[in-house]
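Quick notes on the structure that follows.
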Amino acid sequence: MDAIPPDAPAPRLCHVIKRPDFEGFGFNLFAGKVKTGQFIGKVDAGSPAEDAGLKPGDRIVEVNGVHIGNENHKQVVQRIKLRPNETELLVVDDETDEYYSSLGITIKGSQSNVIRKSSAPVIVQPARKISSSSESEPERPTQARLEQSYATNGQRRDSSSSEEEDWSNAPAPRLCHVVKWNESDGFGFHLLADKKRKGQFIGKVDPGSVADAAGLKLGDRIVEVNGHNVVEETHKQVVQRIKAVPNETKLLVIDPSGQVYYAERNITITSSMPNVQKMRTPTTKPNRMNNRPDNLKLVMPTETNGTAPPKSSLKRVDSAPAPRLCHIVKWRQDAGYGFHLLADKKRVGHFIGKVDPNTPASAAGLKVSDRIIEVNGHNVVNESHKQIVERIKALPNETKLLVLDPDADVYYNERNIMVSSSQSNVVFIKTPSAPRAKNDSSEDDDDYEVKLRSKGSRRSYVAPRMNLHIICMVN
């Protein structure tokens, strides 16, 4: 960070919060013609904007913690509307703007000399531990710029229709409140820092864990931890934030397709967005079902015409074919999985077009013509080819595909049953460790049969014979 001279003029971080007795924020925005940037045009007397310290002619540097120097007027307006009832604007007047520009210093909201002012009265409240009774209230960040409590008790008020974004087609971020069932247990998920992508991701979610119960999915990107945006933070910093509260944590996450959606529209994901899906670990650990086909849980879709699904599909199913959850793990990072995707124009959905022999895909039980139902826990039946590829690439060296063979696909379609990985009859198959050449005298030949033939000085490797094992039944 650039050193700030002690006599430097102070930028202002204006937290503008709407009031019931005043319509709107009370300021106008305009794009400068002589000077590049977005500026405050008019500030209404007695408005929340005036109370927060906004002044005509102020240049906007950041909106809700995001630098907007390279954004156009429409993008800045979208950022402000993203939080319907409040917004935080980092602004500078002409004199302050020229001062930092002459020194070549980038103005940031994290500067020590930033003046913070809110249009709401400051009410200092003692910190409290999160409890299940406060689940309905969004948790407020406790960092300095949000240290005050608001007159609305932290709850968002409904905005007018003219100010709301159209969220009907926007993917929903998930605010996963992960709470341990026992203090001695872990949360049941692993963090993944990908060298090829910026950010922190969910690398693994243990089945039946508190993380699994709270809705965390493989490949999710972490946006916030306990109300703090961590997009720019390191792996170590994110781990420290998670550990800050011993037995629970709140993670705002977005799946790969959702991340692409918001990135393409240059929208910052926050926990205050109206379409955030809030999920929480149940208070008690759910009982696992017996892993028998006659205990199959059927997830029934709702009919668009309001009629009930066929009665036969609601009965206990004794002979339901088993979906396969294929956990494919690369043997080498520079190698592929060994399967091809096929989008069939004559059939709805996405299918396995080719499976190369003796590859991680074949070892994990993938078969030609399998239909893909889920990728890394996300239903992809209605997604495009591009979206499915993005989901598979979300994790660099492994992926989980829930698939049906053609006969099973027909079975469930005829009964109008929505297949999911939570069914009790799902068969889980994972790629075994990479095959290694072994001496013929080796006694450990249960999994692979490898033969080495000598021909002069050359040695040829015969592809291993895989004895696949069903590891467990997924509940």
Side-chain angles (χ1 to χ4, degrees), residues 8-69 71-101 107-125 140-141 143-165 268 270 272:
R12 284 169 286 123
L13 185 61
C14 302
H15 190 177
V16 190
I17 306 171
K18 289 183 181 179
R19 302 194 309 260
D21 61 342
F22 196 96
E23 185 177 355
F25 290 123
F27 71 91
N28 293 349
L29 192 67
F30 75 91
K33 295 182 179 179
V34 179
K35 293 179 64 176
T36 303
Q38 304 297 318
F39 298 84
I40 303 298
K42 179 184 177 183
V43 179
D44 297 330
S47 66
E50 184 182 60
D51 293 341
L54 283 182
K55 299 176 182 179
D58 282 341
R59 182 174 74 86
I60 302 176
V61 181
E62 292 180 359
V63 175
N64 298 325
V66 180
H67 194 278
I68 54 93
E71 295 187 355
N72 58 35
H73 182 79
K74 182 179 179 181
Q75 290 171 322
V76 174
V77 171
Q78 287 177 336
R79 288 199 183 278
I80 294 173
K81 285 185 175 182
L82 203 57
R83 296 167 66 177
N85 297 312
E86 62 180 288
T87 190
E88 285 188 317
L89 305 180
L90 181 67
V91 297
V92 289
D93 56 30
D94 282 339
E95 181 181 352
T96 305
D97 200 8
E98 291 178 5
Y99 176 90
Y100 287 98
S101 179
I107 303 168
K108 298 180 180 179
S110 57
Q111 290 177 200
S112 59
N113 67 334
V114 170
I115 297 175
R116 293 168 170 83
K117 188 173 181 181
S118 173
S119 62
V122 176
I123 304 174
V124 179
Q125 293 182 344
R140 288 241 169 237
Q143 60 202 75
R145 65 187 180 91
L146 290 178
E147 61 186 1
Q148 68 271 25
S149 299
Y150 306 117
T152 56
N153 293 325
Q155 292 181 339
R156 308 291 185 194
R157 296 187 298 273
D158 291 335
S159 61
S160 62
S161 58
S162 61
E163 290 179 325
E164 287 185 345
E165 292 286 336
T268 301
T270 69
S272 61

Problem set entry | Separation of S110 OG from E62 CD (nearest 0.5 Å) | 7.0 Å

Exercise. Counting N and O atoms only, with roles assigned by atom type, does the side chain of Y100 sit under 3.5 Å from a partner on the main chain of P9, one being a donor and the other an acceptor?
Worked result: yes

For this session: Considering non-hydrogen atoms only, spot the tightest contact between R12 and D58 and give its length.
Result: NH2-OD1, 2.7 Å

For this session: Can you measure from CG (L89) to NE2 (H15) and round to the nearest 0.5 angstrom?
Result: 9.5 Å

For this session: Before giving the answer on side chain to side chain contact (heavy atoms under 4.5 Å, CB included), spell out for K55 and V43 the whole-Å C-alpha distance, their side-chain angles and the decisive distance to 0.1 Å.
Result: CA-CA 6 Å; K55 299 176 182 179; V43 179; 5.6 Å; no

For this session: Report the distance from atom CZ of F25 to atom CD of E50, rounding to the nearest 0.5 Å.
Result: 16.0 Å

Problem set entry | Main-chain N/O of D44 paired with S47 side-chain donor or acceptor, under 3.5 Å | yes

Problem set entry | Point-to-point distance, once rounded to the nearest 0.5 Å, from CD1 of I60 to CD of E71 | 11.0 Å

Seminar exercise, completed: Shortest non-hydrogen pair, P11 vs Q111, comes out as CG-NE2, 3.8 Å

For this session: For F27 and I80, work out which heavy atoms get closest and say how close.
Result: CZ-CD1, 4.3 Å

For this session: Carefully, step by step, assess R79 and N64 under the rule side-chain hydrogen bond (donor to acceptor under 3.5 Å, both in side chains).
Result: CA-CA 8 Å; R79 288 199 183 278; N64 298 325; over 6 Å; no

Seminar exercise, completed: Taken to the nearest 0.5 Å, the spacing of S119 OG from R19 CZ works out to 7.0 Å

For this session: Using a 4.5 Å cut-off on heavy atoms from C-beta on, say whether the side chain of I68 contacts that of Q75.
Result: no

Exercise. Do V91 and V61 touch side chain to side chain, with heavy atoms closer than 4.5 Å?
Worked result: no

Problem set entry | Nearest-0.5 Å distance that lies between atom CD in Q78 and atom CG in N72 | 8.0 Å

Exercise. Does any non-hydrogen side-chain atom of L13 lie less than 4.5 Å from one of I115?
Worked result: no

Exercise. Looking at K108 and V114, what are the two nearest heavy atoms and their distance?
Worked result: O-CG2, 3.6 Å

Seminar exercise, completed: Taking every heavy atom of K117 against every heavy atom of D51, the minimum-distance pair comes out as CE-O, 3.1 Å

Seminar exercise, completed: In terms of heavy-atom contacts, I40 and F30 come closest through O-CE2, 3.5 Å

